[in-house]
Amino acid sequence: MGENLVQKILGSHLVAGDLHQGDEIAIRVDQTLTQDATGTMAYLQFETMGIPRVKTELSVSYVDHNTLQVGFENADDHRYLQTVAAHHGIYYSKAGNGICHQVHLERFGAPGKTLLGSDSHTPTAGGIGMIAIGVGGLDVAVAMGGGAFYMPRPKVVKVYLTGKFPPFVSAKDVILGLLSIMTTKGNVGKIVEYAGPALAHLSVPERATITNMGAELGVTTSVFPSDEQTLSFLKAQRRESVYRPLAADADAAYDEVIEIDLSKLQSMVAQPHSPDSVATVAGLKGKRVNQVCIGSCTNSSLRDLAVVAQMLKGRHVHPDVELVIAPGSRQVEMEASQRGFMTLFLQAGARIAETACGFCIGSGHAPGSGEVSVRSNNRNFKGRSGTADAMVFLASPETCVACALTGEFTEPRGLGIAPPVFDLPESFMIDDSMVLTPPPDGSAVEVIRGPNIGAPPKTQPLPDRIEKSVLLKVGDKITTDHIMPAGQFLKYRSNIPRYAEVVFNGVDPTFPKRALDAGGGFVVGGDSYGQGSSREHAAICPSHLGVKAVFAKAIERIHKANLVNFGILPLVFENAADYDRIEQGDTFVLEGIHASLLGDRVLTVKDVTRNFEFRVKADVTQRQALILKDGGLLNHIAMGGK
Ligand code: MIC
Ligand code: SF4
């Protein structure tokens, strides 16, 4: 039996476990990336490990999430990131150089390599044949120190693409289509591998849109083969030396196969407030649109801006619509300006935003109250845009333009515009002057810490008995945006006590005070608890407030790993109906925790308020159980654990 692509790449990086049996495997990490919002914590944690220089082949620190510099906090974070990078042998991509995933694809990614990034959209690099995984900052810190990355042994889903796109239908519609099939639930531990004849017409930027938004499926990552398309992209980046062809064997086996015929796809949108609430644009025809934002790591490549430019040429946005365009990288921005796209955008009445995450992370461009915003990014969780009652829809750049021109949901093919065409250029403008190369020996570089740079969090070993109450009970699909809002609070990412003041801000703003007053307690959640962003602050800040365990129907992969890393028990109900019997305020007693963690990991919990017992399972591997017992990964490593 031959091997699939995932097995080939993981197999060549395997350091523990078996790809064909068992629960967990560990791989060697070739490259890492961080961004500013998760990076400060990752580097603070890396510093505590006392390792002078990173041990990876390549590590890059990007500044793209919070570039606004309202007050000193951001600028101080950036200075810390720059100096800590130079000190430890890490490349530093300055604010203004672009969004981490787009820049990494352009300038650093390499087929067949592994990449670990402290951002959930790290799988974007699967577009050039990397196994690229989004994790919490501490896992990146460990990888920078040469540690292996432990993950569930993956199930591989083959997505077989056939046919050619109809006019105005593009990569975003493929991933929205796949989201409507696979949904955001139940995909933990899977890796999506793309194949099929349609790949011959899918360029790397289009593939990257698909692998990027694969994060919303909740899978570990997504990957495309490395082929002629990969080679042309790398050649155009003057990086063909890293090219190597990679594909699955013809007789490779898969756990699941899904087929999508591109010629049958239509223009799609994800409706508020979930990326898998997919509908056709045609079905929403005529619904009013107030704002359109084009950009983010999903759809901001030169291909996307070229399409937008062709559609906007000689036209003007609807008078009631605000159109914002943010190029994905400085390279895209320079290319777009040289080709005259920027002038076209301005003539069409668009506002041009800095190349950064910007509107996607709720850093500016919040829609008006109750307004409809159509965006080319990947997440539309409630409130993420900065406006609690805004209705955010996700769509392709083509659909975004159609809505901007008409002020209502409109299928782009109905506009009477010639279908846009775009071929990748033979060479892109290469200018890496905003990426700072670390000196060969950085030990003399002073690491500058402004007053916003706090200390890395400290956790305590797990007690054997816990008696605490349920501080908060929430429903299904609680995202890490609910737990730790970003937007205006992003600037506190390096200051845990301050950031902890807004834990569950949009859900129950009294939570932090109640948690502190009670000396900690528990959180009870429904299905898909912790989906979305990789922000480990969604574990660090609750841990700071004394949260000892999360009880839920299911906990998403990255968040679960972060809970473990910071010593919070992730507990899943054996019988989901027990969720309904529990009320906020109930007191639980957990006993014999250590023996259970080292044994079958099943715990009997006493609800002493309602006088009944229920069973939960610590949804972790054996290694994670040991980390939990030690009170988190940093303690575990300090105690000699792996
Ligand atoms: C996101 O898209 O939610 C973010 C902001 O990029 C996060 C990282 C973060 O919270 O810093 C992610 O996707 O991991
Ligand atoms: Fe940035 Fe948005 Fe991409 Fe996250 S999803 S990395 S916030 S552009």
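As the structure lists them, so they are numbered: ligands from 1, and atoms in each ligand from 1.
Using a cut-off of 4.0 Å between Lys/Arg side-chain N and Asp/Glu carboxylate O, Arg449 and Glu47 are scored as salt-bridged.
Note on atom 1 (Fe) of ligand 2: protein N, O or S atoms under 2.8 Å away count 1, no waters included.
Of the residues listed (Ser373, Cys400, Cys403), the one engaging Val289 in a side-chain contact (heavy atoms from CB on, under 4.5 Å) is Cys403, and it is the only one.
Looking only at side-chain heavy atoms (C-beta outward), Phe345 and Val308 come within less than 4.5 Å of each other. Within the 4.5 Å cutoff, no side-chain heavy atoms of Thr124 are placed close to those of Thr122. Residues Leu394 and Met213 have side chains in contact (heavy-atom distance under 4.5 Å, counting atoms from C-beta outward). Looking only at side-chain heavy atoms (C-beta outward), Ser120 and Ile558 come within less than 4.5 Å of each other.
Phe504 has its ring centre less than 6.0 Å from the ring centre of Phe511. Ring pair Phe381/His482: centre-to-centre distance not below 6.0 Å. A ring-centre distance under 6.0 Å is found for Phe108 and Tyr91.
Close contacts between ligand 1 and Thr38 involve ligand atoms 9 (C), 11 (O) [criterion: under 4.0 Å to a heavy atom]. If you number the atoms of ligand 1 from 1 as listed, the ones under 4.0 Å from a heavy atom of Asp119 come out as 4 (C), 6 (O), 7 (C), 8 (C), 12 (C), 13 (O), 14 (O). Remark: ligand 1 atoms within the under-4.0 Å shell around heavy atoms of Ala37 are 11 (O). In the vicinity of Ile361, heavy-atom distances shorter than 4.0 Å reach the ligand 1 atoms 5 (C). For ligand 2, the atoms lying closer than 4.0 Å to a non-hydrogen atom of Asn378 are 5 (S). Numbered from 1 in the order shown, with element, the atoms of ligand 1 that lie under 4.0 Å from a heavy atom of Arg384 read 1 (C), 2 (O), 3 (O).
Protein heavy atom closest to atom 7 (C) of ligand 1, with residue, atom name and distance, is Ser533 OG, 3.1 Å. Looking from atom 12 (C) of ligand 1 to the surrounding protein, the closest heavy atom is Ser120 OG, 3.2 Å.
Ring-plane geometry between Tyr194 and Phe224 is classed as parallel, the angle between the planes falling under 30 degrees on a 0 to 90 degree scale with a further cut at 60.
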Inset, instruction - Report the C-alpha separation of Thr184 and Asp276 in whole Å, then their side-chain angles, then the decisive distance to 0.1 Å, and conclude whether the side chain to side chain donor-acceptor pair (under 3.5 Å) test is met. - result: CA-CA 6 Å; Thr184 55; Asp276 64 356; 3.0 Å; yes

Inset, instruction - Step by step, work out the salt bridge (Lys or Arg N to Asp or Glu O under 4.0 Å) result for Glu398 and Arg303. - result: CA-CA 11 Å; Glu398 291 85 342; Arg303 179 257 163 221; 2.8 Å; yes

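Residue-level proximity to ligand 2 for Arg384 is carried by the side chain, the only part with a heavy atom below 4.0 angstrom. Of the heavy atoms in His101, none comes closer than 4.0 Å to ligand 1. Under 4.0 angstrom from ligand 2, there are no non-hydrogen atoms of Asn212. Heavy atoms of Gln35 found under 4.0 angstrom from ligand 1 belong exclusively to the side chain.
Stacking of Arg498 on the aromatic ring of Tyr492 is recorded, both the 6.0 Å distance cut-off and the 45° axial limit being met.
When only interatomic distances are considered, the shortest N/O to N/O separation between Arg535 and ligand 1 falls below 3.5 Å. Taking distance alone, with nitrogen or oxygen atoms compared against 3.5 Å, Ser118 stays at or beyond that limit from ligand 1. The shortest N or O to N or O distance between Asp481 and ligand 1 is not under 3.5 Å.
Put simply, part of Arg493 is less than 4.0 Å from ligand 1, judged by heavy atoms. Not close to ligand 2: Gln102, with no non-hydrogen atom less than 4.0 angstrom away.
Nearest to atom 4 (C) of ligand 1 by heavy-atom distance, out of Met484, His65, Met41, is His65.
Between the side chains of Gln331 and Gln237, at least one donor-acceptor pair of N or O atoms lies under 3.5 Å. When only modelled atom types and interatomic distance are considered, Glu536 and Thr38 share no side-chain donor-acceptor pair under 3.5 Å.
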